[in-house]
Amino acid sequence: AKMDECGSREGFEAIGLRSPVDPEYIASLGEELTIAAADYEAPSAADYFTDVTGDEPWYEAVASLYDNGLLNGVADGVLDADGAMTRAQASTVLCRLIGMTEAEGADYFTDVTEGHWYTAMVNAAYEFGLIQGFEDGTFRPGDTMSRQDFAVVLYNVFNMIGYSFDGAWAFDLGAADADEISDYALEAVSWGVMYEYITLDENSQLRPTDNLTRAEMAEMIYYAFLAE
């Protein structure tokens, strides 16, 4: 489901942000553009990632995020599609999506200090209310993220630009494991199911507490914000 199915994109401009579905703006965030000459053609995701063939069911989503500079590999030429997404990685991708890559403050978390590749992104994601830390003052950047927790983060992006359920919204998700969704994540997961960027697997399950894979992350962002 595209964002314009739940309203216009004017919410981004209203708070001073560029639309995350502006392809030219997203492309400007890509690291490859800093070295690109006019006649340089960046490799496709299938060419760049040695563990991607281009035939995978999630390839379109991964290729879109890669082409727009939102998704890098875990190492040179390695996507690790089935690898678990960490909290730091998720924060980084989301901040690139909305174009917020710098934080005004710092020292929000005891375990997010200067000098790490994720420091500015984690702090920016926190400042914009996309993701929270833990009661002990840590962020735990290397911890994995569950599918339902990433649903919450994506829903926070929609909330930031003024989109959310209004009034009564509860409905049958059609999932055999719907009772495994935590109370704090139910609204976010329901929103994702309604707009079809969260889907049931072949066993009619949502697997809310499973670790989010990098491929799943790409699909959720792609179908929430980028797909036509």
Side-chain angles (χ1 to χ4, degrees), residues 1-12 17 19-23 26 45 52 54-68 70-71 79 81-82 84-85 89-91 93-98 125 129-131 145-228:
K2 298 173 291 184
M3 185 175 297
D4 53 4
E5 290 179 353
C6 54
S8 73
R9 302 186 181 96
E10 295 175 355
F12 276 89
L17 300 181
S19 168
V21 290
D22 179 344
I26 292 178
V52 174
D55 296 324
E56 297 86 355
W58 39 256
Y59 178 74
E60 183 177 6
V62 165
S64 178
L65 269 66
Y66 167 76
D67 289 343
N68 288 313
L70 303 180
L71 179 64
L79 174 64
D82 293 329
M85 200 76 178
Q89 292 169 345
S91 299
V93 173
L94 264 296
C95 283
R96 287 173 178 166
L97 175 72
I98 65 173
L130 302 183
I131 194 168
M145 176 167 277
S146 69
R147 286 167 53 82
Q148 67 178 359
D149 283 349
F150 193 64
V152 171
V153 173
L154 288 185
Y155 192 47
N156 287 342
V157 175
F158 281 106
N159 290 171
M160 183 179 70
I161 57 174
Y163 299 109
S164 64
F165 284 114
D166 184 16
W169 55 266
F171 61 94
D172 184 1
L173 297 176
D177 57 349
D179 59 346
E180 296 180 16
I181 302 171
S182 299
D183 290 344
Y184 71 84
L186 180 58
E187 185 171 342
V189 172
S190 298
W191 180 270
V193 170
M194 183 172 69
Y195 284 104
E196 299 180 353
Y197 60 84
I198 299 176
T199 58
L200 303 178
D201 66 13
E202 64 275 11
N203 298 313
S204 297
Q205 295 186 334
L206 290 167
R207 299 180 289 109
T209 60
D210 282 8
N211 285 338
L212 177 78
T213 69
R214 293 170 60 78
E216 289 171 340
M217 176 278 303
E219 287 187 304
M220 289 172 70
I221 289 179
Y222 176 70
Y223 289 112
F225 299 108
L226 302 175
E228 296 181 357

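Computed from heavy atoms alone, side chains included, the values below leave out hydrogens, waters and symmetry copies.
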For the residue pair Trp191 and Phe165, does the interplanar ring angle fall in the parallel (under 30°), tilted (30 to 60°) or perpendicular (over 60°) class?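 Because their plane-to-plane angle is over 60°, the rings of Trp191 and Phe165 count as perpendicular.
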Which heavy atom in [X] sits nearest to a heavy atom in [Y], and how many Å separate them?
X	Y	value
Leu200	Ala175	CD2-CB, 3.6 Å
Gln205	Ala176	CG-CB, 4.2 Å
Ser190	Phe171	O-CZ, 3.4 Å
Gln89	Ala84	OE1-O, 3.9 Å
Ser164	Asn159	CB-ND2, 3.3 Å
Leu70	Arg96	O-NH1, 3.3 Å

What I'd like to find out is whether the side chain of [X] reaches to under 4.5 Å of the side chain of [Y], using heavy atoms alone.
X	Y	answer
Ser91	Leu130	no
Ile98	Met160	yes
Leu65	Met217	yes
Ile221	Leu154	yes
Leu186	Asp183	no
Leu94	Phe150	yes
Ile131	Met145	yes
Leu206	Val193	yes

Begin from the C-alpha positions of Glu196 and Tyr223 and carry the test side chain to side chain donor-acceptor pair (under 3.5 Å) through to its verdict. CA-CA 7 Å; Glu196 299 180 353; Tyr223 289 112; over 6 Å; no
Could you list all the side chain to side chain donor-acceptor pair (under 3.5 Å) pairs where at least one residue sits in residues 169-179, not counting sequence neighbours?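 Every pair satisfying side chain to side chain donor-acceptor pair (under 3.5 Å) with a residue in residues 169-179: there are none.
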Residues two or more places apart in sequence or in another chain: which of them pass side chain to side chain donor-acceptor pair (under 3.5 Å) with Tyr59?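 Result, side chain to side chain donor-acceptor pair (under 3.5 Å) vs Tyr59: none returned.
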Nearest 0.5 angstrom please: [X] [atom1] to [Y] [atom2], how far?
X	Y	atom1	atom2	answer
Met85	Asn211	CE	CG	12.0 Å
Thr213	Glu219	OG1	CD	7.5 Å
Leu71	Ser64	CG	OG	10.0 Å
Leu173	Ser204	CG	OG	12.0 Å

So, does Asp201 use its side chain to make a donor-acceptor pair with the main chain of Asn203 at under 3.5 Å?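 Yes: the side chain of Asp201 pairs with the backbone of Asn203.
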Is the backbone N or O of Asp149 less than 3.5 Å from a side-chain atom of Ser146, with the two atoms forming a donor-acceptor pair by type?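 Judged by distance alone, yes, a pair lies under 3.5 Å.
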Got a sec, which residues hit salt bridge (Lys or Arg N to Asp or Glu O under 4.0 Å) with Glu216, two or more places apart in sequence or on another chain?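 Listed in chain order: Arg147, Arg207.
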I would like to know whether Tyr195 and Phe225 meet ring-ring contact (aromatic ring centres under 6.0 Å, His included); could you show each step before the answer? CA-CA 10 Å; Tyr195 284 104; Phe225 299 108; over 10 Å; no
